[in-house]
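Single-structure report; data block below.
Start at 1 and go down the list; that is how both ligands and their atoms are numbered.
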Amino acid sequence: MLQELKKKPNITLDGTEINVYANIGNVSDTAMVLQNDAGGIGLFRSEFIYLNSETFPTEDEQFAIYKRVAEVMGGKKVIIRTLDIGADKQADYFNLPKEDNPALGYRAIRICLQQHDIFKAQLRALLRAAAYGKVSIMFPMIISVREVKDAKEVLEECRKELIAEDKEVGDVEIGIMIETPAAVMLAEELAEEVEFFSIGTNDLTQYTLAIDRQNPKLDPFYDPHHPAVLRMIEMTVKAAHKHDCWVGICGELGADTALTETFLRMGLDELSVNPGSVLTVRKQIRSLDLSK
Ligand code: PEP
Ligand code: MG
């Protein structure tokens, strides 16, 4: 029955439409994305390229991967998140210090803004790949406007360098993950800096409720339906739309069909889910009537 929903729009009975994209961790996942008829890729967790490597992946190695994903998706949107390493995702060659609170530690954009050589290799690869498809760049774990401005500055530096080297570059849409309470509180200011937000409900739940998402003992307390989390999502959508910024969800909660109606009513523009959930979410959207 789900197969029959392929090529059908993600539209409610009363005409509200939403994009349903898919999350991936490597190139081979794109087969499942296409098979399940996702409208695009809402989150490519690029850190898996680093985790599957013995040493820092070079610009050219990364370029080949991003180009392939952009080409395979044939003009559909591909949102690639920059390196989100640290905390639960560790690679020895980074030589990251042992930390008492790794989830609150040296990770993601914090590493990239401190180690420009690592960051620039990825950004250069992304800008080059953007010449072959519709690539968006998304920065993770943002907590301030300064970080976004700094990341965009490094990106511009990369663009200038590539142009000076006569390398082909494409245009990219720029977005950030909203996965810290700080980002929610600053959503209006952040929305002026970027074209889209993607809400990372896995981390947003962890940081809002002060509950380690890795600790199974805390599962009974880790509640992404907590009203504080849902209110944060709603605040983020309102702030973003005030500033012409589109908003999606790429955390696990996006696939929770018990909340699909809530998300549509909040005005979310996109849900990015694991490829196997695309058609289930589409089915739910198509069964809803928001006029009631
Ligand atoms: C999230 O935090 O919700 C998210 C999508 O990122 P990750 O699960 O990779 O931390
Ligand atoms: Mg996250």
Side-chain angles (χ1 to χ4, degrees), residues 19-26 29 33 38 40-52 77-91 96 99 101-112 122 136-143 147-148 151 175-184 187 190 194 196-216 218-219 222-226 228-230 232-237 240 247-256 259 263 268-278 281:
N19 289 316
V20 181
Y21 293 170
N23 297 345
I24 65 167
N26 56 58
D29 292 343
V33 173
I41 290 172
L43 169 64
F44 178 0
R45 290 182 163 98
S46 72
E47 56 276 7
F48 285 104
I49 301 170
Y50 296 74
L51 294 173
N52 293 331
K77 196 178 285 224
V78 176
I79 301 177
I80 304 176
R81 172 173 79 186
T82 60
L83 181 61
D84 187 11
I85 209 146
D88 53 312
K89 298 167 195 144
Q90 294 284 345
L96 294 174
E99 297 174 292
N101 288 305
L104 307 180
Y106 190 55
R107 57 174 296 197
I109 198 73
R110 299 168 189 173
I111 296 178
C112 290
Q122 179 167 43
S136 306
I137 298 180
M138 175 158 79
F139 301 118
M141 286 298 297
I142 292 296
I143 58 163
E147 286 170 343
V148 182
I176 56 170
M177 296 216 34
I178 301 289
E179 51 187 344
T180 63
V184 176
L190 291 167
V194 294
F196 71 95
F197 286 162
S198 190
I199 305 175
T201 52
N202 308 334
D203 276 317
L204 187 59
T205 304
Q206 155 165 270
Y207 295 126
T208 301
L209 304 183
I211 289 182
D212 181 358
R213 64 187 261 197
Q214 299 293 112
N215 185 345
L218 296 172
D219 282 354
Y222 182 91
D223 176 17
H225 287 214
H226 191 291
V229 176
L230 296 178
M232 283 197 167
I233 296 173
E234 191 169 25
M235 283 170 68
T236 302
V237 177
V247 201
I249 291 180
C250 63
E252 299 302 318
L253 207 57
D256 185 339
L259 287 173
F263 293 151
L268 278 142
D269 303 290
E270 177 242 23
L271 299 172
S272 190
V273 301
N274 63 59
S277 296
V278 169
V281 172

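For Y222 (side chain) and N202 (main-chain N/O), a donor-acceptor pair under 3.5 Å exists by modelled atom type. Using a distance-only test at 3.5 Å, with no hydrogens or angles considered, no donor-acceptor pair links the side chain of N23 to the main chain of N274. In terms of modelled atom types and a separation under 3.5 Å, the side chain of Q206 and the main chain of R213 share a donor-acceptor contact.
D203 and R107 are joined by a salt bridge, as a carboxylate oxygen and a charged side-chain nitrogen come within less than 4.0 angstrom of each other.
Every atom of ligand 1 is numbered from 1 in the order shown, and the set under 4.0 Å from a heavy atom of R213 is 2 (O), 7 (P), 8 (O), 10 (O). Atoms of ligand 1 found under 4.0 Å from any heavy atom of C250 (numbered from 1 in listed order, with element): 5 (C). Every atom of ligand 1 is numbered from 1 in the order shown, and the set under 4.0 Å from a heavy atom of R45 is 4 (C), 5 (C), 6 (O), 7 (P), 8 (O), 9 (O). Counting the atoms of ligand 1 from 1 in the order shown, those under 4.0 Å from a heavy atom of L43 are 5 (C). Listed by number with element, the atoms of ligand 1 under 4.0 Å from a non-hydrogen atom of G200 are 1 (C), 2 (O), 3 (O). Which parts of ligand 1 touch E179 is read off a 4.0 Å heavy-atom cut-off, strictly below it: atoms 1 (C), 2 (O), 6 (O).
Looking at E252 next to ligand 1, no N or O pair under 3.5 Å apart turns up. Between N202 and ligand 1, at least one pair of N/O atoms sits closer than 3.5 Å.
At a 4.0 Å heavy-atom cut-off, ligand 1 does not touch Q206 at all. The proximity of M141 to ligand 1, defined as any non-hydrogen pair under 4.0 Å, does not occur for either the backbone or the side chain.
I79 places a side-chain heavy atom less than 4.5 Å from the side chain of F196. Looking at heavy atoms from C-beta onward, L253 lies out of side-chain contact with L204 at the 4.5 angstrom threshold. Inter-residue side-chain proximity for L51 and K89 is flagged as met; some heavy-atom pair is nearer than 4.5 Å.
Near the Mg ion (ligand 2), less than 2.8 Å away, sit the protein N, O or S atoms E179 OE1, D203 OD2.
Closest approach of Q122 to R81, counting heavy atoms only: NE2-O, 4.0 Å. Closest of all the heavy-atom pairs between G42 and C250 is O-CB, 4.4 Å.
Atoms CZ and CG, on F139 and L190 in that order, are 12.5 Å from each other to the nearest 0.5 Å. Atom CD of residue E179 and atom OG1 of residue T205 lie 10.5 Å apart, to the nearest 0.5 angstrom.
For atom 6 (O) of ligand 1, the closest non-hydrogen atom on the protein side is R81 NH1, 2.9 Å.
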